[in-house]
Chemist: 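Mind having a look at this structure? Questions to follow.
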Amino acid sequence: MGDIGMLTGLRALLAQDVMTLDGAYEVEEGWLDPRRARLVYVEVGTGGFLSRGRALIHASRVTPGTPPRADVDAAMIEAAETEPEEGFLLDPAAMPAILTGPFGNTISPLLIAAGLRSEAVEEQAPHPDAPGSEAPHDPRETLERASEWLGAEVFGRDGELGRVDDVLLAQADWTAAHLIVQTPADRHAVPWSAVRRRAPGGHVVIAGGTAELSGSPDVPVPGDFTEGDAAAILRHWNAPSDPMSP
């Protein structure tokens, strides 16, 4: 797990705009790898009202803040959706892995760019059934919508405990550090290593039950969360070191 001295709440991240090199983009979604306990992509809206699209920005390119900042060229992200015939001249490392159009269709800018560079390459393309000719992989296939964690029911050893109020992410590497569970009486921090699983689109299962949750240390403000706070929560839960361990 990364340095958790500075944390960002997922709920706050999803409610902000990301400031790119050329302007602000509204955050539409986050994509989480729960097995690795990490936010992988921030998905932003692009285009206008009639040509709405989305683009994925790798979380490693996003710096937390108010607002968060991303070292990507927003103008080229928009151009990739509205004027693909112009080609793409950006360094591949600076481009999003995949873009999502207004109707959910996915676009790979790198593949489009490769096709524009040489029509001769197209003529030598392998048969569709040949090995290596599969469609571009959508990186979201193995990830979960971060927003679906918010508000999810939380269950433990003795039944329903509350709902997920927030996910605290380490600013150093976007590692998921703690789950914040809202009960009828209070909010409690659960270390991510005590999270067992989340049913697709459904509830979250954690280790322990009502006694562990109600006795968990008070939840600090994310910006004031210290290593001591994290250690106290881990001690209370006696949580394993491997997140999402079976």
Chemist: Give, for atom OG of Ser147 and atom CG of Leu10, the distance between the pair rounded to the nearest 0.5 Å.
Modeler: 8.0 Å

Chemist: Using a 4.5 Å cut-off on heavy atoms from C-beta on, say whether the side chain of Leu14 contacts that of Leu150.
Modeler: yes

Chemist: Under a 3.5 Å threshold, yes or no: a donor from one side chain and an acceptor from the other, between Thr175 and Asp173?
Modeler: yes

Chemist: Please evaluate residues Leu13 and Leu39 with respect to the criterion side-chain contact (heavy atoms from CB on, under 4.5 Å), reporting the C-alpha separation (whole Å), side-chain torsions for both, the decisive distance (0.1 Å), and the verdict.
Modeler: CA-CA 11 Å; Leu13 175 66; Leu39 183 73; 3.7 Å; yes

Chemist: Should Arg11 and Asp165 count as side-chain neighbours, where that means a heavy-atom distance under 4.5 Å?
Modeler: yes

Chemist: My understanding is that only residues two or more places apart in sequence, or in another chain, count here; which of them pass side chain to side chain donor-acceptor pair (under 3.5 Å) with Asp33?
Modeler: none

Chemist: Are any of the side-chain heavy atoms of Val164 and Leu179 separated by less than 4.5 Å?
Modeler: yes

Chemist: I need the single residue from His236, His188, Arg157 that forms a side-chain hydrogen bond (donor to acceptor under 3.5 Å, both in side chains) with Glu212. Which is it?
Modeler: Arg157

Chemist: Do you know which two heavy atoms are closest between Val18 and Arg69, and how far apart they sit?
Modeler: CG1-C, 4.3 Å

Chemist: Do we see a donor-acceptor contact under 3.5 Å between the side chains of Trp31 and Glu43?
Modeler: yes

Chemist: Provide the closest heavy-atom pair for Gly9 versus Leu168 in the form atom of the first, atom of the second, distance.
Modeler: CA-CD2, 4.0 Å

Chemist: Is there side-chain contact between Val205 and Val195, with at least one heavy-atom pair below 4.5 Å?
Modeler: no

Chemist: Name all residues meeting the side-chain contact (heavy atoms from CB on, under 4.5 Å) criterion together with Thr210; count only those two or more places apart in sequence or in a different chain, and write none if there are none.
Modeler: Asp158, Leu161

Chemist: Rounded to the nearest 0.5 Å, what separation is found between the CG atom of Leu213 and the CZ atom of Arg187?
Modeler: 12.0 Å

Chemist: Can you tell if the side chain of His178 reaches within under 4.5 Å of the side chain of Ile233, non-hydrogen atoms only?
Modeler: yes

Chemist: According to side-chain contact (heavy atoms from CB on, under 4.5 Å), who are the partners of Ala24, at least two apart in sequence or on a separate chain?
Modeler: Asp17, Met19

Chemist: Taking only residues two or more places apart in sequence, or in another chain, which ones meet Pro64 in a side-chain contact (heavy atoms from CB on, under 4.5 Å)?
Modeler: Thr8, Gln171, Trp174

Chemist: Atom CZ of Arg197 and atom CZ of Phe155: how far apart are they, to the nearest 0.5 Å?
Modeler: 10.5 Å

Chemist: Mind checking what makes side chain to side chain donor-acceptor pair (under 3.5 Å) contact with Ser60, not counting sequence neighbours?
Modeler: His58

Chemist: Identify the heavy atoms of Leu234 and Pro191 that sit nearest to each other, and give their distance.
Modeler: CD2-CB, 3.6 Å

Chemist: Would Ile57 and Val44 count as a side-chain contact (heavy atoms from CB on, under 4.5 Å) if you check the C-alpha gap in whole Å, the side-chain angles of each, and the deciding distance to 0.1 Å?
Modeler: CA-CA 8 Å; Ile57 301 176; Val44 298; 4.1 Å; yes

Chemist: For Arg163, give me all partners under salt bridge (Lys or Arg N to Asp or Glu O under 4.0 Å), at least two apart in sequence or on another chain.
Modeler: Glu153

Chemist: Students often mix this up, so state it plainly: with edges at 30° and 60°, are the rings of Trp149 and Trp192 parallel, tilted or perpendicular?
Modeler: tilted

Chemist: Can you name the closest pair of heavy atoms from Ile206 and Val190 and give their distance?
Modeler: CD1-CG2, 4.2 Å

Chemist: Mind listing the closest non-hydrogen atom pair of Glu28 and Gly45 along with its distance?
Modeler: CG-N, 3.3 Å

Chemist: How close do Pro67 and Gln16 get, heavy atom to heavy atom, and via which atoms?
Modeler: CA-OE1, 3.6 Å

